[in-house]
Amino acid sequence: MEFSLDLPSSSLADAVMAIVWSSLPEPIVNHSVRSFLFAELLAKHRGLIDDPEYDRELVFVASVLHDLGTGKRAPGKARFEVEGADMAAALLTTHGLPAVDVDRVWEAIAFHTSEGIAERCGLLPYLTAEGSKMDIGYNAEVTDEYQEAIHAAYPRLNMVKVLTDAIVDHARRSAASAPIFSLGSLLFKERQATGVTELELLTAGVSPWGE
């Protein structure tokens, strides 16, 4: 596979981009698209492109929608990962995707912050989680050849703080939106205690892109 910055072109892909642009701030939209591009680079690097489970459009959908639950369309009645997964499933169902594919995308989004779980649930959850982690600096060496072009097309714009703010804001909305031990609960408590989260401190230390 030759790597390209070109995104999938279909009515579903257009709908995915439309919903993220109408729901999320630009730094999170850019993060979501970079997560897809990094996931694709990882799949290429690890020889997964020819895996029967690999579906480029589903990787795009899950990656670009993985933080949808942090946005203004989310009802704030469950953790952001689950609300994003539910909204993604509704969109895919409207576009006529088979139930099995809807379920795969739901799992990929719902589990993307669940270290030790996502990677054991199949290729799509694995790539979705790993792509998002790569965008905060993990396995950054895989991106070396292309990261400059990716960041030029989709700049970071202080993404880590913007995303953390969005997760914390979602966690404030109800007790159910930040259940104990969830990422939302953790970040919310850290912000209350010190004003800065471990995620922000960690990425400042590990990210080759300065955040």
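In what follows, every heavy atom counts, from backbone to side chain, and hydrogens, waters and symmetry copies are set aside.
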Taking the side chain as every heavy atom from C-beta outward, state whether [X] and [Y] have any atom pair closer than 4.5 Å.
X: His45; Y: Leu41; value: no
X: Met134; Y: Thr143; value: yes
X: Lys133; Y: Asn139; value: no
X: Trp106; Y: Asp101; value: no
X: Glu53; Y: Leu124; value: no
X: Ser23; Y: Leu68; value: yes
X: Val33; Y: Met17; value: yes

Below 4.0 angstrom, N of the basic side chain to O of the carboxylate: do [X] and [Y] qualify?
X: Glu200; Y: Lys161; result: no
X: Arg191; Y: Asp165; result: yes
X: Arg73; Y: Glu83; result: no

Would Arg173 and Asp169 count as a salt bridge (Lys or Arg N to Asp or Glu O under 4.0 Å) here? Give the steps.
CA-CA 7 Å; Arg173 297 176 65 182; Asp169 287 345; over 6 Å; no
Around atom CD of Gln192, are there more than 12 heavy atoms of other residues, nucleotides or ligands at under 6.0 Å?
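Atom CD in Gln192 is crowded, with more than 12 foreign heavy atoms closer than 6.0 Å.
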Any sub-3.5 Å donor-acceptor pair from [X]'s side-chain atoms to [Y]'s backbone N or O?
X: His31; Y: Pro27; value: no
X: Ser177; Y: Ala171; value: yes
X: Arg34; Y: Pro155; value: yes

Going from OG on Ser35 to CG on Leu65, what distance comes out if it is rounded to the nearest 0.5 angstrom?
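The OG atom of Ser35 sits 11.5 Å away from the CG atom of Leu65.
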Looking at [X] and [Y], what are the two nearest heavy atoms and their distance?
X: Asp6; Y: Ser4; value: N-OG, 2.9 Å
X: Phe80; Y: His170; value: N-CE1, 3.4 Å
X: Leu157; Y: Val162; value: O-CG2, 4.1 Å
X: Ile28; Y: Ala166; value: CD1-CB, 3.9 Å
X: Ala129; Y: Ala118; value: CB-CB, 3.9 Å

Is there a path from [X] to [Y] through hydrophobic residues (I, L, V, M, F, W, Y) whose side chains come within less than 4.5 Å of each other?
X: Ile117; Y: Tyr126; value: no
X: Phe38; Y: Leu199; value: yes
X: Val20; Y: Val82; value: no

Asp135 and Arg156: salt bridge (Lys or Arg N to Asp or Glu O under 4.0 Å), yes or no, with the steps?
CA-CA 9 Å; Asp135 195 47; Arg156 300 192 70 79; 3.1 Å; yes
Is there a side chain to side chain donor-acceptor pair (under 3.5 Å) between Thr113 and Glu81? Walk through the geometry before answering.
CA-CA 8 Å; Thr113 64; Glu81 302 96 329; 2.6 Å; yes
Could you tell me how the ring of Phe60 sits relative to the ring of Phe36: parallel (under 30°), tilted (30 to 60°) or perpendicular (over 60°)?
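Perpendicular: the ring planes of Phe60 and Phe36 meet at over 60°.
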